[in-house]
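So the structure is just underneath, and the comments pick up after that.
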Amino acid sequence: MNRFQEILHKGYAQTFEVTKVLFHEKTEHQDLIIFETPTFGRVMALDNIVQVTTRDEFVYHEMMTHVPILAKGDVTNVLIIGGGDGGILREVLRHKSVEQATMVEIDASVVDLCQQHFADISDGAFDDPRTNLIIDDGVKFVAETKQRFDVIIVDSTDPIGPGEVLFTQSFYAGCHRCLTDGGVLVTQNGVPFFQGSEVVDTNRRMGKSFKDNGFYTAVVPTYIGGFMTLGWGCDDTAVRNVSVKVLQDRFQKANISTRYYTPEMHKASFALPPFISDLLAD
Ligand code: AG3
């Protein structure tokens with residue numbers, strides 16, 4: 001039997017049965033593999049770390065997108081950093097209020113190969129006239145762009161390899177620079193059961209740029225280890241504290257069907273167990 005083993009955390013691994021390898025090559029930036037599995041459907045890994053599976057991608061993509069957009073309300077301009085598979089882009093474009101979704105991805109091959117092998121994930125999002133796809137370095141983009149965004153979603157890899165720069169204080173400062181007043185930054189921030197130092201570091205670094213920063217959670221089965229933390233940065237505390245009632249109203253108006261996100265899950269996702277919230281005191 002063919003297997004794919006991901007070793008991301010010290011002394012622990014997860015293994016998939018592989019029924020077919022569809023693609024495996026080194027791109028200009030990273031090692032990219034796409035394979036079929038009996039349990040999680042089609043899987044894509046970068047530098048041996050699972051990024052997306054057709055079975056559980058909805059959890060991450062819904063929570064990274066609908067939480068900031070519905071918390072903020074009236075969102076017209078969204079920036080996605082990374083996100084080459086197009087899952088975040090798909091969810092962003094489901095909001096009719098969004099006039100433009102700019103996606104800055106460093107690796108053109110990820111976009112091309114995911115369009116070929118994961119057409120259901122982007123679901124036509126790359127052909128939407130509101131999409132502005134830019135192949136470039138996200139750090140450079142946020143430092144230089146004249147555009148302003150209501151929401152920035154950082155859909156990165158882990159802070160190893162090309163993704164590392166997306167976890168720095170200067171990158172968060174760049175994001176802050178190109179947000180509109182009260183705009184929201186969200187980031188993928190690892191699985192704190194194994195990657196607690198990411199919570200400590202991001203909290204400290206984002207805190208330098210944002211008046212209100214913290215984390216919310218989602219449980220993504222293939223990001224093994226329980227809760228994943230999603231980073232939150234905003235200058236307006238009211239955005240994090242928006243009521244369930246307001247969220248319900250916005251969600252209903254948006255008329256989006258979801259499998260993980262609900263206004264109640266949104267609200268609950270900001271509650272942190274002490275093993276995570278204790279990391280914020282460091
Ligand atoms: N990017 C986040 C992958 C995180 C993997 N890390 C982990 N398991 N701790 C996903 C890209 C999906 N669009």
Side-chain angles (χ1 to χ4, degrees), residues 4-16 27 29-34 40-68 78-93 101 103-107 109-115 117-123 125-126 133 138 152-167 186-199 201-202 215-231 260 276:
F4 171 88
Q5 189 175 55
E6 174 197 71
I7 308 177
L8 175 59
H9 311 301
K10 200 170 177 301
Y12 191 78
Q14 71 168 330
T15 305
F16 295 80
T27 73
H29 299 275
Q30 48 214 338
D31 179 275
L32 191 157
I33 184 166
I34 298 171
F40 281 98
R42 204 165 274 194
V43 180
M44 190 259 295
L46 293 173
D47 290 341
N48 218 48
I49 311 299
V50 174
Q51 299 300 318
V52 84
T53 85
T54 51
R55 176 101 190 274
D56 70 359
E57 57 87 14
F58 67 95
V59 177
Y60 177 87
H61 292 138
E62 288 180 14
M63 288 300 277
M64 287 281 279
T65 304
H66 304 316
V67 170
V78 177
L79 172 64
I80 302 160
I81 304 287
D85 54 61
I88 300 277
L89 185 64
R90 174 196 77 211
E91 292 300 316
V92 166
L93 293 170
M103 182 168 136
V104 182
E105 163 67 57
I106 199 159
D107 196 338
S109 310
V110 175
V111 177
D112 292 347
L113 289 158
C114 287
Q115 286 199 75
H117 295 284
F118 292 95
D120 291 352
I121 291 188
S122 50
D123 196 22
F126 289 106
L133 171 64
I152 301 178
I153 301 171
V154 182
D155 181 13
S156 70
T157 54
D158 291 86
I160 345 166
E164 199 174 348
V165 290
L166 303 179
F167 291 79
V186 298
T187 65
Q188 86 78 10
N189 202 77
V191 172
F193 189 82
F194 292 120
Q195 298 168 296
S197 63
E198 281 187 37
V199 171
D201 291 345
T202 302
F215 299 89
Y216 63 107
T217 62
V219 176
V220 185
T222 51
Y223 303 154
I224 197 87
F227 286 117
M228 165 172 250
T229 40
L230 306 173
Y260 190 94
I276 301 175

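Note that ligands are numbered from 1 as they come in the structure, with each ligand's atoms numbered from 1 the same way. Worth saying up front: this structure is predicted, and the values here are computed from it rather than measured.
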Do you see a donor-acceptor pair shorter than 3.5 Å between the side chains of H66 and E62? no

Mark yes when over 12 heavy atoms from residues, nucleotides or ligands other than F193 sit less than 6.0 Å from its CZ; otherwise mark no. no

Tell me if a side-chain donor or acceptor on R90 pairs with a main-chain N or O of I121 at a distance below 3.5 Å. yes

Note, F215 side chain near T202 side chain (heavy atom, < 4.5 Å): yes

Could you identify the single nearest non-hydrogen protein atom to atom 9 (N) of ligand 1 and state the distance to 0.1 Å? Q195 OE1, 3.0 Å

So which protein heavy atom does atom 11 (C) of ligand 1 come closest to, and at what separation? D155 OD1, 3.1 Å

Can you tell me which residue and heavy atom of the protein come closest to atom 10 (C) of ligand 1, and the distance to 0.1 Å? Y223 OH, 3.1 Å

Which segment of Y60 sits under 4.0 Å of ligand 1 when only heavy atoms are counted: side chain

Close approach, S156 and ligand 1, non-hydrogen under 4.0 angstrom: yes

Closest approach of H29 and I106, non-hydrogen atoms and distance? NE2-O, 3.3 Å

Of all protein heavy atoms, the one nearest atom 7 (C) of ligand 1 is L8 CD2, 3.4 Å

Verify whether one side chain among Q51 and D85 offers a donor that lies under 3.5 Å from an acceptor in the other. no

In this structure, atom 6 (N) of ligand 1 is nearest to the protein heavy atom D158 OD1, 2.9 Å

Please find the pair of heavy atoms, one from D155 and one from M64, that lie closest to each other, and give the distance. CA-CE, 4.1 Å

Touching ligand 1 at all, E6? Heavy atoms, strictly under 4.0 Å? no

Assess, by modelled atom type and distance only, whether the side chains of D56 and Y223 contain a donor and an acceptor separated by less than 3.5 Å. no

Please state which part of E57 comes within less than 4.0 Å of ligand 1, counting heavy atoms only: side chain, backbone, both or neither. neither

Which atoms of ligand 1 have any heavy atom of H61 under 4.0 Å away? 12 (C), 13 (N)

Name the closest protein heavy atom to atom 12 (C) of ligand 1, giving the residue it belongs to and the distance to 0.1 Å. D85 OD2, 3.2 Å

Where is the nearest protein heavy atom to atom 3 (C) of ligand 1: which residue, which atom, and how far? Q51 OE1, 3.3 Å

